[in-house]
Amino acid sequence: MAQFLLAFLVFLLTHSLPSFRALRQSLINRFGRRTYMIGYSILSLASLVWLFAAFRTADDAALWMDHPWQAWVTLILTPIGLFLVICGLLSPNPASISFRGRGKVGAIVAVTRHPVLWGFFLWAFGHIFPNGEWKGLILFGGFSVFAMMGIFILERRGRRRHGAQWSDVIAATSIFPFLAIFSGRNRFRWDWAVAFSLIVTVIGTGSLLFAFHEVLFGVDPLLLALYGV
């Protein structure tokens, strides 16, 4: 458990680095943006791999019994979360996390201006229910809180970065999913990122359910959902 808690702390510190503007800019000035991004990506991936390895080997005590309905929560929320993460990363979005900083704002932004963080939250929150141990609650509960804190941080950063233009940036979007659509400020539309993300989500979900989830994490989610084992 000690190694797991240490790995989780390192993960949180690593993924909090971009929020420290002075430190981030100092590293970019010293090594260049490209080197910084490559180094940060490697460090982030390494901390994530260590975290899950420590999670699998950590001793723990059960908090609640497993039931099939708990796995169904995960099966429903995880594909939605995966879709939002992929689509958010591929869609231009001046207000949040994206691989594409420029271009016409992606269709997914009509749903929420923070699709990546909402997707990460749904994935993490959905995994709390079938992981009824302390380490599961710490890991996935911590991820859920981290995602919500990320939304708050990005909102504050966006106001500071865009200044008077911030109201224009967020005019047709909302923090909470579908609020801008339900209020009539926007409407849902399709674009290539939405279509591509749906395809990848279907393939990825099927691969995890029927093969890789048990190999990687030692749990068959379908057996858990159908039989509770």
Side-chain angles (χ1 to χ4, degrees), residues 1-20 43-86 88-89 96-97 112 114-155 175-177 201 204-205 207-229:
M1 180 61 76
Q3 181 184 179
F4 165 64
L5 293 175
L6 177 60
F8 192 49
L9 177 61
V10 171
F11 174 85
L12 292 178
L13 291 175
T14 300
H15 288 77
S16 297
L17 177 61
S19 63
F20 297 99
L43 182 62
S44 298
L45 180 60
S47 67
L48 184 62
V49 171
W50 180 29
L51 176 59
F52 277 105
F55 174 79
R56 290 194 62 178
T57 58
D59 295 327
D60 207 0
L63 295 174
W64 57 77
M65 298 296 293
D66 292 333
H67 298 283
W69 70 265
Q70 298 164 342
W72 281 108
V73 174
T74 310
L75 290 177
I76 293 171
L77 294 184
T78 296
I80 299 173
L82 179 61
F83 166 76
L84 288 173
V85 169
I86 296 172
L89 291 175
S96 193
I97 301 170
T112 173
H114 299 293
V116 174
L117 289 174
W118 273 108
F120 187 59
F121 170 79
L122 291 176
W123 168 80
F125 184 73
H127 276 77
I128 292 175
F129 296 90
N131 288 277
E133 302 174 331
W134 272 113
K135 65 180 183 180
L137 183 61
I138 292 172
L139 179 67
F140 297 110
F143 279 165
S144 300
V145 173
F146 188 73
M148 292 296 99
M149 289 179 59
I151 292 177
F152 171 78
I153 292 171
L154 287 178
E155 286 289 301
I175 295 177
F176 295 100
T201 298
T205 300
S207 299
L208 285 171
L209 288 179
F210 296 105
F212 296 115
H213 196 281
E214 185 175 12
V215 172
L216 294 172
F217 306 109
V219 177
D220 187 327
L222 284 180
L223 284 179
L224 190 61
L226 294 174
Y227 306 108
V229 296

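The ring pair (Phe, Tyr, Trp, His ring centres under 6.0 Å) check on F4 picks up F55, with sequence neighbours excluded. Here I86 pairs with L82, L90, S197, V200, T201 under the side-chain contact (heavy atoms from CB on, under 4.5 Å) rule; sequence neighbours left out. Under the side-chain contact (heavy atoms from CB on, under 4.5 Å) criterion, W123 pairs with F52, T78, F120, H127, F140, F143, not counting sequence neighbours. A search for ring pair (Phe, Tyr, Trp, His ring centres under 6.0 Å) contacts involving F121 returns W118, F125, not counting sequence neighbours. Shown here are the side-chain contact (heavy atoms from CB on, under 4.5 Å) partners of L43, two or more places apart in sequence or in another chain: T14. Under the rule for a side-chain contact (heavy atoms from CB on, under 4.5 Å), the partners of I153 that lie at least two apart in sequence or sit in another chain are S19, R157.
The structure places CG of L84 at 10.5 Å from CG of L89, a figure rounded to the nearest 0.5 Å. Taken from CD in Q3 to CG in L51, the straight-line distance is 10.0 Å, to the nearest 0.5 Å. Summarising the geometry, atom CD1 belonging to I151 is positioned 12.0 Å from atom CZ belonging to F146; distances are rounded to the nearest 0.5 Å. Of the inter-residue distances, the one linking L154 atom CG with H114 atom NE2 reads 5.5 Å to the nearest 0.5 angstrom. Atom CG in L139 sits 11.5 Å away from atom CD in E133 (nearest 0.5 Å). The distance from the CG atom of L77 to the CH2 atom of W72 is 13.0 Å, given to the nearest 0.5 Å.
At distances below 3.5 Å, at least one donor-acceptor pair connects side-chain atoms of Q70 with backbone N or O atoms of M65.
L122 approaches G81 most closely through the heavy-atom pair CB-CA, 4.2 Å. For the pair K135 and R56, the tightest heavy-atom approach, listed with the atom from each and the gap, is NZ-O, 3.9 Å. Across all their heavy atoms, S47 and V10 have their closest contact at CB-CG1, 4.3 Å. Minimum interatomic distance between P221 and L209 (heavy atoms only, all atoms of both residues): CG-CD2, 3.6 Å. The nearest pair of heavy atoms linking P79 to I76 is CD-O, 3.5 Å. Pairing each heavy atom of G126 with each of T74, the nearest pair is O-OG1, 2.5 Å.
For W50, the CH2 atom counts as densely surrounded, since its 6.0 Å shell holds more than 12 non-hydrogen atoms of other residues, nucleotides or ligands.
Contact of the W69 side chain with the F129 side chain is registered, since non-hydrogen atoms from C-beta on lie closer than 4.5 Å. When side chains are defined from C-beta on, I138 counts as touching L5, because their heavy atoms get closer than 4.5 Å.
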**Intermediate values then yes/no, side chain to side chain contact (heavy atoms under 4.5 Å, CB included), L117 and T112** = CA-CA 10 Å; L117 289 174; T112 173; over 6 Å; no
